[in-house]
Peer 1: 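Submitted below is the structure of interest, expressed as structure tokens.
Predicted model, so just to flag it, every value in this text is computed and none were measured.
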Number of protein chains: 2
Amino acid sequence: MIIIGEKINGSIPKTATAIAEKNETFIRNLAKKQSAARASYIDVCASVSPEKELETIKWLVDLVQAESEVPISLDSPNANIFKDAIKFCKKPGLINSVSMEGDKIDQVFPVIAETGWNCVALLCDNSGIPQSAAQRVLIFKEILKKAESHKIDPSRLFIDPVVEMLCTSEDGIATVTETIREVKKICPPVHITSGASNISYNLPMRKFINRAFIILCMSAGMDSAIIDPANEDMLALIFATEALLGKDEMCMEYIGAYRDGLFGEVKA
Amino acid sequence: MIIIGEKINGSIPKTATAIAEKNETFIRNLAKKQSAARASYIDVCASVSPEKELETIKWLVDLVQAESEVPISLDSPNANIFKDAIKFCKKPGLINSVSMEGDKIDQVFPVIAETGWNCVALLCDNSGIPQSAAQRVLIFKEILKKAESHKIDPSRLFIDPVVEMLCTSEDGIATVTETIREVKKICPPVHITSGASNISYNLPMRKFINRAFIILCMSAGMDSAIIDPANEDMLALIFATEALLGKDEMCMEYIGAYRDGLFGEVKA
């Protein structure tokens, strides 16, 4: 499972405070913890005003890279910022994100085309988030064409099926899981990723919705998630699910992660 | 979700001690807790020597029925005991279990044919547990024929796909989920049930394997589980999964169970 550590995000109140107060220790700790919990990428999202965003990203990226070898996931709603921000990174990481909205892809794909950078692509466009899986798959096909025209291999794409609130949905996550299955059928090399917080918005005990959501999406073919890897229960369920889905021979990864203390304290 | 409360089982050491010591309070408490946590059935398994089994079942059933209106799941490896044991029960419940092994079905189906009793049926026979899903489905078809010949409606059957240890499996739970999907395709009215403890045998942190297992089986079509309903995390994940699978309109069941305190203490 490709885990994108979500904790260094200015939309999380504690992280926002740390950013505002230039609290280096706080940011370094988040990087260290997520790195130790086996994040494949560490997401960096400034969530500040546009004129301060680039300098804030630089400050965050420098701190993360001082603590960890894990590649950066550059997270911004402003597609024009990535071309400068990737220069702060010691190694190729993940752009988070593009979509068929506006000219995002046309700004980002040329920048990463001849690099080792990967890219999250959301299945939405100028009309917003499509209602049906079929419409989302159409957007996927357009994204795939754009990637091909820039010679970006599909394996460098992390497709986000786009998740809305469960509490107002009529068919649960059927649209999301159908989208995942279709996208993987059309192009097996692409990765599928998602965050887990939108789904549980406005519901109590959100953690249970989030955990079951990730497991159900994994069974549909999702192989990446934007989560807190230091959340031991979530991480243990992800390792358990990989084993149950037959992707962990003899449960060696599950047992290894347990022995390394990733699921909580190991009793002597 | 049809939950079969598993706690009154003599193979659990604490319950075995309570049975040996005739500790009425202990058994009554297990009945009360599982009933409050919305068990659909309360399983009663004596796990004592054959000559003591019937009297032990009676003692247990009487205690459960003194505390709860929830129907009994009569659990025994001895098919010949059910004909006497159902007489102790105030209302029809669940026989747990028959299979195509020996003459179990031929002993039990005539006894429950003209009653309201339901029945768990395991997909194994005299050769043991079949390797493939296709072979398990063949056993299912034989069980279905036997049920038809006794005019037992398929909706009264709880099919158990039979779960083996994950740590020695080669393809995870693919055989189990394929069996579930096939059985539900052949005969949608049947229920599918399973326990969650065999799967995690010999692995550390078994609870995570058990929880992810139930969620993945639910996504394949399982609608019943033999678990501890007073386990708040497991119960919350089950309610969350039902909502995510689109079986809980506007998440009203999930929210209701939360408000009733079934997922842990509700903050004022």
Peer 1: Between A/Gly5 and A/Ala39, what is the shortest heavy-atom contact and its length?
Peer 2: N-CB, 4.2 Å
Peer 1: So which residue, A/Asp171, A/Ile215, A/Leu166, ends up with the most heavy-atom pairs under 4.5 Å with chain B?
Peer 2: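 Answer, by heavy-atom pair count under 4.5 Å with chain B: A/Leu166.
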Peer 1: With side chains defined as the heavy atoms from C-beta onward, is the minimum distance between A/Ile4 and A/Ile42 less than 4.5 Å?
Peer 2: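 Sidechains of A/Ile42 and A/Ile4: no contact.
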Peer 1: With chain A as the partner, which of B/Thr241, B/Asp248, B/Ile173 has the greatest number of non-hydrogen pairs under 4.5 Å?
Peer 2: B/Ile173
Peer 1: Can you pull out every side-chain hydrogen bond (donor to acceptor under 3.5 Å, both in side chains) where at least one residue sits in residues 197-206 of chain B? Sequence neighbours excluded, please.
Peer 2: B/Ser200-B/Arg206, B/Ser200-B/Asn210
Peer 1: To check you understand the geometry: which heavy-atom pair defines the closest contact between A/Ala31 and A/Glu67, and what is its length?
Peer 2: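 Here A/Ala31 and A/Glu67 meet closest at CB-CB, 4.1 Å.
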Peer 1: For chain A, find which of B/Ile255, B/Asp233, B/Ile199 contributes the most heavy-atom pairs closer than 4.5 angstrom.
Peer 2: B/Asp233
Peer 1: Where on A/Leu203 is there a heavy atom nearer than 4.5 Å to chain B: the side chain, the backbone, both, or neither?
Peer 2: side chain
Peer 1: In terms of heavy-atom proximity below 4.5 Å to chain B, should A/Phe239 be classed as side chain, backbone, both, or neither?
Peer 2: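 For A/Phe239, there is no contact with chain B at all, as no heavy atom is under 4.5 Å.
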Peer 1: Is B/Glu182 salt-bridged to B/Lys185, cutoff N-O under 4.0 Å?
Peer 2: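 Yes.
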Peer 1: Pick from A/Ser169, A/Pro204, A/Cys167: which one has the most heavy-atom pairs with chain B under 4.5 Å?
Peer 2: A/Pro204
